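Heads up, the thing below is written out as structure tokens.
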Amino acid sequence: MDWADELAASVDGPQVVNDSKTPSGTVHVGSLRGPVILDVITRALRARGLPTTLLYGVDDLDPMDAQALLSPDAIEREMGRPLAHVPDPAGDCHASYARHFAGIFIDTFAGLGIHPDRYYWMSDIYPTGQMDPYIRIALDRAEVVRDVYRRVANVRHPDHWLPLGVICPDCGKVGTTIASDWDGETVAVACRPDLVTWAVGCGWAGRVAPFGGAAKLPWNLEWAAQWSLFGVTIEPNGKDLATAGGSRDRSNAISREVYDREPPMNFPYEFLNIGGKKMSTSKGRGAAAHTITTVVPPEQLRFLFVRSRPESVIEFDPEGTDAIPRLFDEFDRLADATAGKEVRGELPSGHENIFRFSLLDADADVAGVADAYRPPFAHLALLAQVPGVDVVARVEAEKSAPLSGAERAELDTRLSSVRRWLEAYAPERARLEIRRDALPAEASTLRPEQRGFLRALAETARADAPASGEQWQSAIFAVAAEHGIDAKAAFNAIYLAFLGRANGPRAGWLLASLEHDFAIARLDRAGAAAEEATA
RNA sequence: GGGCCCGUAGCUCAGCGGUAGAGCAGGGGACUUUUAAUCCCUUGGUCCUGGGUUCGAAUCCCAGCGGGCUCACCA
């Protein structure tokens with residue numbers, strides 16, 4: 001993990017890091033990779049002592065082109081209008097469709113320790129007139145723009161075509177208008193029913209002065225204009241934009257040839273795939289960004305993105321796998337290594353950086369944070385499934401010391417992750433189920449001495465009912481010793497009798513969580529001879 | 001059709017010119033109270049294929065093959 005420092009080392013002077021997003025709908029987890037990379041780059045630049053500004057923009061004047069979240073009657077009316085002018089489909093707290101979806105996405109940033117110095121909304125920027133000079137230049141140099149499209153992207157626009165998206169004064173759509181005949185103050189506009197397939201224009205025609213928010217630049221020009229307006233020096237982007245003749249190429253050329261400015265340093269990054277496929281919230285593959293944070297806490301989510309090289313696809317498949325527990329385990333391993341503890345196995349290069357950049361607080365005392373006690377995820381997943389267990393007490397016993405405030409908070413975070421994981425993602429083998437209805441078929445594999453042990457344990461418990469997990473646990477060890485079978489076989493017998501599996505959570509607490517009569521009856525039943533038990 | 005990325009152990013990946021690595025999974029063992037914990041040991045690779053450069057290639061170059069994303073409409 002040296003990419004951020006290498007990037008930081010390759011530049012000098014003040015830096016402006018920028019990214020922007022079109023809020024056309026629910027944003028999935030993969031889209032958080034960009035903001036995390038942006039933040040890590042910013043931290044690396046600042047660590048080098050370079051004054052750095054982090055900007056994050058919302059391109060909310062872009063036309064609405066996704067109808068999935070609109071009601072049928074809204075489709076005809078809203079498709080093609082600027083996202084900032086489309087009503088919030090949830091009809092709740094936000095001023096617009098764009099504010100709703102961008103808001104949900106952006107709200108996750110702070111929770112991830114990402115704190116842009118400034119958020120900007122293009123629907124706010126245009127009305128101020130700040131974009132007007134760039135609109136004017138684009139119109140004056142329309143010939144150059146058309147040439148760039150032709151040369152770089154092999155897109156041939158008609159000679160009268162102007163790089164401008166006027167918001168129709170009549171129907172308010174921006175995706176359906178075509179502008180021509182720039183006279184230095186106004187353009188001729190036609191709102192066409194058939195300009196694009198996904199939206200229908202109203203047919204209005206007339207002249208418009210395209211300033212102060214009456215019009216927007218097409219995306220490739222808007223991007224280049226943002227670079228000039230904000231003085232952007234570094235702008236990473238997803239690899240979808242990085243293709244030859246794609247958005248970045250066009251905007252780079254426009255920046256140079258139309259706005260006379262060298263474009264910012266590029267830094268393409270790959271996506272996050274689910275099961276070898278691109279995430280797609282519309283296809284039900286992959287979780288929405290704001291949902292995944294309920295099961296993968298912020299530090300682990302940052303870790304997921306930070307530990308991989310940006311140019312590598314990340315394969316992440318949390319459904320029915322132990323991908324999430326492993327993510328925690330690896331995080332904990334790097335934490336231990338950073339704290340100077342012995343860890344097993346090799347460490348990835350730059351592992352201290354990986355850990356540091358995974359932390360929410362850029363100025364955290366890294367060594368101190370790393371040293372905290374972190375209960376293993378899989379272990380918590382067991383504890384959480386046994387009723388009546390005092391998880392905090394168990395974890396403190398394992399740490400052999402009381403938890404600090406931060407450790408206690410971390411435990412709570414992990415417990416809530418664990419519960420969400422068990423609900424929504426965990427594989428069957430991670431779930432415990434007490435076989436209440438009948439003796440599990442697997443219990444037929446019990447050996448005679450194990451059956452004897454179970455009967456004896458039932459007898460002991462009947463005579464003197466264990467009142468706690470502790471007492472059950474003692475009874476198990478004591479009876480096992482009397483019977484001359486080792487602890488492993490004893491536990492194995494209990495797990496088979498109650499869970500139908502060879503292992504499980506601490507058996508004493510498991511038994512203590514059950515009704516006393518049921519526990520004893522089951523012990524007797526499982527302890528009965530094989531032929532009886534299967535009868 | 002064009003572009004980019006990736007193909008290394010069952011899975012996820014590191015290594016990116018000098019004797020093939022890690023985690024997890026699998027196998028074996030230790031453990032009278034953390035029993036899916038912890039500790040020890042261990043199986044497992046034509047490093048996608050074929051050429052080339054080199055004293056030496058998983059690593060660099062070329063060509064294939066496979067996978068993914070993307071552009072050629074808009075953003």
Side-chain angles (χ1 to χ4, degrees), chain A residues 1 20-24 30 59 61-66 80 83 152-156 165 174-175 195-199 216-220 222-223 238-251 268-273 276-279 304 307-317 321-323 325-327 329-330 333-334 343-351 375-376 378-383 385 394-395 397-400 429-430 432 469-470 472-478 480-481 486-492 494-495 499 501-510:
Chain A
M1 145 87 208
S20 65
K21 173 103 192 141
T22 302
S24 50
D59 301 321
L61 235 39
D62 291 350
M64 177 79 184
D65 64 355
L83 291 161
V152 178
N154 201 25
V155 173
R156 184 174 291 272
V174 66
L195 185 67
V196 291
T197 55
W198 40 272
K216 76 180 287 292
L217 289 167
W219 164 243
N220 292 292
E222 186 171 287
W223 202 5
K239 64 108 62 97
D240 55 333
L241 303 177
T243 191
S247 256
R248 186 68 183 225
D249 268 8
R250 298 178 209 182
S251 292
Y269 55 87
E270 262 286 1
F271 294 127
L272 176 71
N273 285 356
K277 294 285 182 186
K278 185 187 176 184
M279 279 197 178
L304 174 66
R307 69 171 170 170
S308 299
R309 299 194 322 269
E311 66 269 29
S312 300
V313 180
I314 296 176
E315 293 290 346
F316 187 63
D317 192 1
T321 70
D322 53 3
R326 271 198 233 154
L327 185 67
D329 291 346
E330 183 65 4
R333 201 170 74 97
L334 295 199
V343 297
R344 310 183 59 189
E346 278 184 8
L347 291 164
S349 67
H351 67 269
H379 191 49
L380 283 184
L382 288 180
L383 291 178
Q385 290 182 84
R394 284 305 317 149
V395 170
E398 282 160 30
K399 188 199 170 192
S400 312
R429 67 192 142 79
L432 292 180
E470 205 87 42
W472 269 109
Q473 194 82 346
S474 301
I476 293 166
F477 278 102
D486 61 31
K488 184 167 185 161
F491 283 107
N492 176 255
I494 294 169
Y495 297 133
L499 305 174
R501 48 197 287 165
N503 43 38
R506 304 185 80 215
W509 283 262
L510 181 67

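Since we're looking at a predicted model, the values are computed, not measured. Values below: every heavy atom of this structure, side chains too, minus hydrogens, waters and symmetry copies. Labels below follow one simple rule: chain letters A, B, ... track the order of the sequence lines, proteins then strands, and each chain is numbered from 1.
A straight line from CG of A:Asp317 to P of B:U12 spans 9 Å, rounded to a whole angstrom. Going from atom CH2 of A:Trp472 over to atom P of B:U35 covers 17 Å, rounded to whole Å.
Under a 3.5 Å cut-off, the side chain of A:Arg250 and the backbone N or O of A:Gly245 do form a donor-acceptor pair. No donor-acceptor pair under 3.5 Å is formed between the side chain of A:Thr22 and the backbone N or O of A:Ser24. In this structure a side-chain-to-backbone donor-acceptor pair under 3.5 Å is present from A:Ser251 to A:Asn220.
Among the atoms of the strands shown, none is found under 4.0 Å from any heavy atom of A:Pro325. Here A:Asp62 lies in heavy-atom contact (under 4.0 Å) with sugar-phosphate atoms only. Residue contacts shown for A:Thr197 are absent, as no nucleic acid heavy atom lies under 4.0 Å away. Within 4.0 Å (heavy atoms only), A:Ile476 reaches no atom of the nucleic acid at all.
In this structure, the aromatic ring of A:Phe477 is positioned over the six-membered ring of the base of B:U33, centres within 5.5 Å and planes within 30°.
Using a 4.5 Å heavy-atom threshold, the side chains of A:Trp509 and A:Gln473 count as touching.
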Set out, line by line, the N/O atom pairs under 3.5 Å between protein and nucleotides 57-66 of chain B.
none

I'd like a list of close polar pairs between nucleotides 1-8 of chain B and the protein, N/O only, cut-off under 3.5 Å.
{"unit_1": "B:G2", "atom_1": "N2", "unit_2": "A:Thr243", "atom_2": "OG1", "d": "2.5"}
{"unit_1": "B:G3", "atom_1": "O2'", "unit_2": "A:Ala244", "atom_2": "N", "d": "3.4"}
{"unit_1": "B:G3", "atom_1": "N3", "unit_2": "A:Thr243", "atom_2": "OG1", "d": "3.3"}
{"unit_1": "B:C4", "atom_1": "O2", "unit_2": "A:Lys239", "atom_2": "NZ", "d": "3.4"}
{"unit_1": "B:C5", "atom_1": "O2'", "unit_2": "A:Glu311", "atom_2": "O", "d": "2.8"}

Polar pairs (N or O, both sides) under 3.5 Å between protein and nucleotides 28-30 of chain B?
none

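In this structure B:C60 sits in a base pair with B:G52, meeting the Watson-Crick or G-U test at under 3.5 Å. Pair assignment for B:A30 gives B:U38, based on Watson-Crick or G-U wobble hydrogen-bonding distances that are each under 3.5 Å. Nucleotide B:C4: paired with B:G68 (Watson-Crick or G-U wobble, both distances less than 3.5 Å).
On the C1' atoms, B:U35 is 43 Å away from B:C16, given to the nearest whole Å. Of the C1' atoms belonging to B:U8 and B:G23, the separation is 15 Å, rounded to the nearest Å. Straight-line distance between the P atoms of B:U32 and B:G15: roughly 43 Å, to the nearest whole Å. Only the C1' atoms considered, B:A9 is 23 Å distant from B:G17, to the nearest whole Å.
Between A:Gly508 and A:Ile476, the shortest heavy-atom distance links the atoms N-CD1, 3.9 Å.
Residues passing the side chain to side chain contact (heavy atoms under 4.5 Å, CB included) test with A:Asp249 are A:Val152, A:Ala244, sequence neighbours excluded. Residues satisfying the ring-ring contact (aromatic ring centres under 6.0 Å, His included) test with A:Trp219, not counting sequence neighbours, are A:Trp223. Judged as a ring-ring contact (aromatic ring centres under 6.0 Å, His included), and not counting sequence neighbours, the contacts of A:Phe491 are A:Phe477.
Comparing A:Gly246 and A:Ile314, the nucleotide of RNA chain B nearest to each residue sits closer to the 5' end for A:Ile314.
Put simply, A:Arg156 has no side-chain N or O that comes within less than 4.0 Å of OP1 or OP2 on B:C73.
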